[in-house]
2 protein chains.
Amino acid sequence: MPSLKVTAQDVARAAGVSQPTVSRVFTPGNKVSKGMEEKVRAAADALGYRPNTLARSLITGQSMTIGLIVAYLDNPFYTEALERLSLTLKERGYNIMIFMAANQAADVDHVVNDLLSHQVDGIIMASVSTSSALTERLLDEGVPLILFNRGHANAQLSSVTSANFDGGHRVAEFLLAGGHGRIAHISGWQGASTGLDRAEGFMAGLKAAGQKPLAMVDGLFSRKAAAEAARTLFAQDTTPDAIFVGNDHMAFAVLEVLRGELGLSVPGDVSVVGYDDVAMAAWPSFELTTVRQPANRMVEAVVNQLIDQIEGRANGPKQIEINGPLILRSSAHVPEGWS
Amino acid sequence: MPSLKVTAQDVARAAGVSQPTVSRVFTPGNKVSKGMEEKVRAAADALGYRPNTLARSLITGQSMTIGLIVAYLDNPFYTEALERLSLTLKERGYNIMIFMAANQAADVDHVVNDLLSHQVDGIIMASVSTSSALTERLLDEGVPLILFNRGHANAQLSSVTSANFDGGHRVAEFLLAGGHGRIAHISGWQGASTGLDRAEGFMAGLKAAGQKPLAMVDGLFSRKAAAEAARTLFAQDTTPDAIFVGNDHMAFAVLEVLRGELGLSVPGDVSVVGYDDVAMAAWPSFELTTVRQPANRMVEAVVNQLIDQIEGRANGPKQIEINGPLILRSSAHVPEGWS
DNA sequence: AATTGACTTGAATACGTATTCTTACATGCT
DNA sequence: AGCATGTAAGAATACGTATTCAAGTCAATT
């Protein structure tokens, strides 16, 4: 049983060497003679020594810790991303400290202080409303920062998103090609770039064909709001024959309203298309046609860019867009000959 | 714009006081005169000073960080718990560092080293297979450790679970009272206490009424395995009229197989009961009757016990069981007069 | 008025490591 | 042999804070 705290000093004494020598053995990239190394490792193993990351960070100025700010985890897209993020960062030697931000402006200051006093080397913001206050503040502090799945007007900010405008555009083309004439959009929250860009791309796609949407409602990325929106749409005189929903999470709620409450057939009466392609979209209960956001590639891009910025290897901030395919399932009518 | 690194020394110089005085201002529970405090705070604000947690932790020996080990996040129960855990711990002043353990024995050593070298004050293991190697190792190291939603044979280990045996027992009573005679169980992974206890409670419940299960299959907490188990059950001569599934996550897959693939009516042909009561269980697509695991109360218990242990306030390890109600929805036939 | 005591502040030190600077030593060269 | 060169390990120091200890101030007590 190892004593409670074994320090490099203890190991040094036991091995008959100096503390710096112990440090060199445990710091990659340092030259130590074969004999010394063996002695030190033997002593270290015997005592159960483990370098103290805190002390190491204090002197190197690198905590090897990334702060992850996240507002909610209901949407499984973020859960999947979190999982990959953690694994990918660990591969690169970084750990994740997680911060839930209640999305209240009031919390912002508290979270920022928390993050920075923990000396995180970089910050990833996911699913958090782009509070200018927060981002500006962090930029001022000079901590590498990157938005995940959120864009931002400020070109100083790095971000990784899917090609939301293009995705929305393609959905419009797809639905038009499917012969739909009364197309509605239950959008993602229009206060977030993600929701906004998808909606604008979608509108542009319709416009390019000389069409207009039957209706546009903000679903606020909320199941409840989206369900309510669906009910409202079908309480009108003219009802949609297709709905593009701003993300899968809301689309599931919409499907349930259409089939369960309104007794409609999907895609017989209405086609539904989502956005994200979370794992559940493939479940037999939903079989949702949706635009895939490739979480793994997005995570890869976030990690690369962030670490480049941390290690000074980046040429300034970058806005990265990752394109994903439209995944065809049975919730929407597929046009003849559509590839 | 604050300079890149503002130290207590800088603040002291600016305020015309000593560094310890600055420290005292920022360390609760220290007496500082009114005048000093104001001078220091003014200077600190002007410079944008923020105490360095690393340095603080190094000297106090408290990192105020909890290591959370988690194997996967597919099951939304853990996501909900993670969210609450993070918020609850933050209220108590702690932060979470997250570690994904691929559940491989090989990773264990790596994770443990990582955790301990980060000087975490305590560890929460969630959804991780009870590798004796790992837990024993951590116990040896003397770090407060608590299992979330997993029990363990070792009484030295603290844990918080729902009352799994009792829950399984109640499901048996419920299904028997509903008049079911051919009851099967697709269990949670029998290598985990969670899966095992629920199964044993269920068996005991049947036995108490002189009954035996029609079949028992290990669903391994996996959608795929559970779905396959359901298919197998209905390929037999005698098919179940009720299935107790070891958790909601698997139950959803089972429901899909029963309704979608086999064209059975639930609960007309088969009653299905799950375990967890995740948010999705209430979705119209599933309407799953299930035993609730009260995530909020479980989290509360975990945090209390863990912090008690960290702060030496605990009377040894504790195994806490939290009871949850059976939530009646439409996936199972409700016996006459059942409360 | 002198002494005790409480209270506030500064000086010095410790936490555990990485790094710079020195020194010792072996090696290769002319 | 004598000198330059390179290498490896130890001594000293730094990182930014909290804490112990000593010193100083001032009010209160006798």
Side-chain angles (χ1 to χ4, degrees), chain A residues 2-41 43-44 47-65 93 113-114 116-121, chain B residues 2-41 43-44 47-65 93 113-114 116-121:
Chain A
S3 90
L4 219 47
K5 289 290 170 193
V6 183
T7 99
Q9 203 53 264
D10 300 331
V11 176
R13 242 187 311 268
V17 302
S18 72
Q19 175 267 323
T21 300
V22 176
S23 166
R24 283 188 260 257
V25 169
F26 285 91
T27 314
N30 264 323
K31 256 324 204 188
V32 181
S33 75
K34 195 69 188 162
M36 282 286 153
E37 163 131 24
E38 279 172 12
K39 268 199 300 187
V40 170
R41 289 213 181 273
L47 296 179
Y49 170 71
R50 217 180 346 265
N52 183 325
T53 303
L54 265 43
R56 175 178 286 177
S57 298
L58 185 56
I59 195 161
T60 61
Q62 306 218 298
S63 65
M64 301 306 281
T65 298
N113 281 332
D114 234 23
L116 296 180
S117 65
H118 274 279
Q119 312 297 111
V120 296
D121 291 340
Chain B
S3 91
L4 218 47
K5 290 289 170 193
V6 183
T7 98
Q9 203 53 263
D10 301 330
V11 176
R13 243 187 309 268
V17 302
S18 72
Q19 175 266 323
T21 299
V22 176
S23 167
R24 284 188 259 259
V25 169
F26 285 92
T27 314
N30 265 322
K31 257 328 210 183
V32 182
S33 74
K34 196 68 187 163
M36 282 286 155
E37 164 130 23
E38 278 171 11
K39 270 199 300 187
V40 170
R41 290 215 181 270
L47 296 178
Y49 171 70
R50 217 181 344 265
N52 183 325
T53 303
L54 265 44
R56 174 178 285 180
S57 297
L58 185 55
I59 194 161
T60 62
Q62 306 218 295
S63 65
M64 301 307 281
T65 298
N113 280 332
D114 235 24
L116 295 181
S117 65
H118 274 278
Q119 313 297 112
V120 295
D121 291 340

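Chain A is the first sequence line, chain B the second, and so forth, proteins listed ahead of strands; every chain is numbered from 1.
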Is the shortest side-chain N/O distance from S18(B) to OP1 or OP2 of dG10(C) below 4.0 Å?
yes
Between dT17(D), dT17(C), dT9(C), which one does the side chain of A8(B) approach most closely?
dT17(D)
Name all residues meeting the salt bridge (charged side-chain N to carboxylate O under 4.0 Å, His left out) criterion together with E38(A); count only those two or more places apart in sequence or in a different chain, and write none if there are none.
none
Please report the C-alpha distance between H118(B) and T65(B) in whole Å, then the side-chain angles of each, then the deciding distance to 0.1 Å, and finally whether the side-chain contact (heavy atoms from CB on, under 4.5 Å) criterion is met.
CA-CA 9 Å; H118(B) 274 278; T65(B) 298; over 6 Å; no
Measure the distance from NZ on K34(A) to P on dA9(D) and round it to the nearest whole Å.
13 Å
Are V25(B) and R41(B) side-chain neighbours, meaning at least one heavy-atom pair lies under 4.5 Å?
yes
Show me the pairs that pass side chain to side chain donor-acceptor pair (under 3.5 Å) and involve residues 49-61 of chain A, at least two apart or across chains.
R50(A)-N113(B), R50(A)-E141(B), T53(A)-S117(B)
State which residues pass side-chain hydrogen bond (donor to acceptor under 3.5 Å, both in side chains) with Q62(A); sequence neighbours excluded, sorted by chain then number.
none
Can you measure L54(B) atom CG to dG16(D) atom P for me and round it to whole angstrom units?
11 Å
Residues forming a side-chain hydrogen bond (donor to acceptor under 3.5 Å, both in side chains) with S63(B), sequence neighbours excluded:
D121(B)
Grab the CG-P distance between L47(A) and dG16(C) for me, whole Å please.
14 Å
Could you tell me how far apart E37(B) (CD) and dC7(C) (P) are, to the nearest whole angstrom?
17 Å
Sorted by position of nearest nucleotide on DNA chain C, 5' first, the leading residue of T53(A) and G16(B) is G16(B)
Length of the line joining Q9(B):CD and dC15(D):P, which is rounded to integer Å:
10 Å
Give, for atom CD of Q119(B) and atom CE of M64(B), the distance between the pair rounded to the nearest 0.5 Å.
15.0 Å
Which of dA8(D), dT9(C), dT17(D) is nearest the side chain of K31(A)? It is dA8(D)
Side chain to side chain donor-acceptor pair (under 3.5 Å): pairs with one or both residues in residues 15-27 of chain B, sequence neighbours excluded:
S18(B)-T21(B)
Candidate list T7(A), V40(A), D10(A), test side chain to side chain contact (heavy atoms under 4.5 Å, CB included), partner V22(A), passing option:
V40(A)
Under 4.0 Å from OP1 or OP2 of dC15(C): is there any side-chain N or O of S57(B) that close?
no
Please list, for nucleotides 18-20 of chain D, all pairs of protein and nucleotide N/O atoms separated by less than 3.5 Å.
{"residue": "dA18(D)", "atom": "OP1", "partner": "T27(B)", "partner atom": "OG1", "Å": "3.4"}
{"residue": "dA18(D)", "atom": "OP1", "partner": "R56(B)", "partner atom": "NE", "Å": "2.5"}
{"residue": "dA18(D)", "atom": "OP1", "partner": "R56(B)", "partner atom": "NH2", "Å": "2.9"}
{"residue": "dA18(D)", "atom": "OP2", "partner": "S23(B)", "partner atom": "OG", "Å": "2.4"}
{"residue": "dA18(D)", "atom": "N7", "partner": "Q19(B)", "partner atom": "NE2", "Å": "3.3"}
{"residue": "dA18(D)", "atom": "N6", "partner": "Q19(B)", "partner atom": "OE1", "Å": "3.0"}

Report for the helix from dA1(C)-dT30(D) to dT30(C)-dA1(D): angle between first-end and last-end helix axes, five pairs each, rounded to 10 degrees.
40°
Does a side-chain N or O of S33(A) approach OP1 or OP2 of dA9(D) to a distance below 4.0 Å, or not?
yes
Of all the nucleotides listed (dT17(D), dA9(D), dG16(C)), which has the minimum atom distance to the side chain of N52(B)?
dT17(D)
Residues passing the side-chain contact (heavy atoms from CB on, under 4.5 Å) test with D114(B), sequence neighbours excluded, are K90(A), N95(A), F99(B)
Atom CG of L116(B) and atom P of dT17(C): how far apart are they, to the nearest Å?
14 Å
Just how far, in rounded Å, is P of dG16(C) from CZ of R13(A)?
11 Å
How many whole angstroms separate atom CD of Q62(A) from atom P of dT17(C)?
18 Å
